[in-house]
Amino acid sequence: MNSFSAFTGLECSKTGEQFKPDGLMNLSPCGAPLLARYDMEAAARTLDFRNVADRVHSMWRYHEMLPAPDESAIVTLGEGMTPLLRTPRLEKAFGLSNLFVKDEGLNPTGSFKSRGLSVAITMARHLGAKKIAIPTAGNAGGAAAAYASRAGIEASVFVPEKAPSVHKVECALAGADVTVVRGYIHHCAEIVAHRTPAEDWFELSTFKEPYRAEGKKTMAYELVEQFGGDVPDVILYPTGGGTGLVAMWRAFGELEALGWIGEKRPRMICVQAEGCAPLVQAYENDDEVSALWDNPTTMVSGLRAPKVLADFLCLRTIRESGGTAIAVSDEMMFEAQRKAGDLEGILICPEGGACIAALGVLLERGDIGRDERIVTFNTATGLKYADMVETEVSVIDPLSA
Ligand SMILES: *Cc1c(COP(=O)(O)O)cnc(C)c1O
């Protein structure tokens, strides 16, 4: 324990069994995700809401509540501190008074995966990993490749054939070893798990690695900072593996323990694609875990996660927070993407579009009130999906005259 980080170790999310933080770990012995623990009293002594604004302009300003042992251990590209944009023209279109978009597209690798991989690679290097491997729908691979290069670690990335081509490019340019898999992300995960012992990799799969969630939780810290010590009423989050959903919910508990907020919590709304909605199905069936979604048909890669390792944590988060889970069609996502660009000039990804589309449905249903303070997440820049968007342009050809 030192004053830089109040991190004390890991805990099994099923049994509560605790582990010392002195070696590389994936899942707990019972096969469940591991979650980080902190000495909250120690953190509260120096992580003060009133002077945090003077700190470094990245998510590492919350270093007491992140696991890196000291400043020199941190692998950073300046991630976090993304804008929380008030969107008055979207508000008007929906008849709302308080709508915000947290624009994660401005992160160093163009998506919020920067946050998780900054912390994961920091800890992997600190704990002695020389080579990492990651199964990815795309954005996590791009981030893993970038942070691994920054750390001087070798990266192997396994990406489904149908992922947007930009992901192969960003991984290759960051010097990673890229393998394209003719299947879905869970097939990539199976290949990584199978080959890891022989390759001596450290695996960074979602929730199979304990520290990516710690990076993503900083989104909640930033929201509270940006709202001046308050929380929104509702958060809409495009959910694949559920890292951000679970991590932010836990973070609000930490923020109360730190004295930054009171008891009030946002309702956490899990947004998925109609063509791959294992958590929505489980939520609607009152199940505690989700089933493998057999035939994912959504084109939207960040939401193409048929198997959710931390499903029980996601479902618990949705229910404890009084939120809900909802699926929208790809068509609605792309329409909302256009709407955000057209009305507000924000170039969002279809996953971000999913949240705005879901908002429309939930307002109709009366699940969200028009006067509530609403935050929707845009999780990546729309530039990554350029090849999925049809454009209507006029052409002038002076050379053929
Ligand atoms: C990974 C990803 C998601 C899903 O994030 P989780 O926190 O794992 O649920 C959503 N949108 C985009 C763009 C992503 O890359």
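Ligands are counted one by one from 1 in listed order, and the atoms in each one are counted from 1 as well.
- Between F227 and F100, a ring centre-to-centre spacing shorter than 6.0 Å is recorded.
- With rounding to the nearest 0.5 Å, the separation of CZ in F202 from CZ in R125 is 15.0 Å.
- Pocket lining of ligand 1, defined as residues with a non-hydrogen atom under 4.0 Å away: F112, K113, N139, K216, Y237, P238, T239, G240, G241, G242, T243, G244, G302, E351, T379, A380, Y385.
- Under 3.5 Å, the side chains of Q337 and Y385 contain no donor-acceptor pair of N or O atoms.
- Judged as a ring-ring contact (aromatic ring centres under 6.0 Å, His included), and not counting sequence neighbours, F207 has no contacts.
- Looking only at distances, a side-chain donor or acceptor of S118 sits under 3.5 Å from a matching main-chain atom of V75.
- Screening N107, V101, D103 for a side chain to side chain contact (heavy atoms under 4.5 Å, CB included) involving T82 leaves a single residue, N107.
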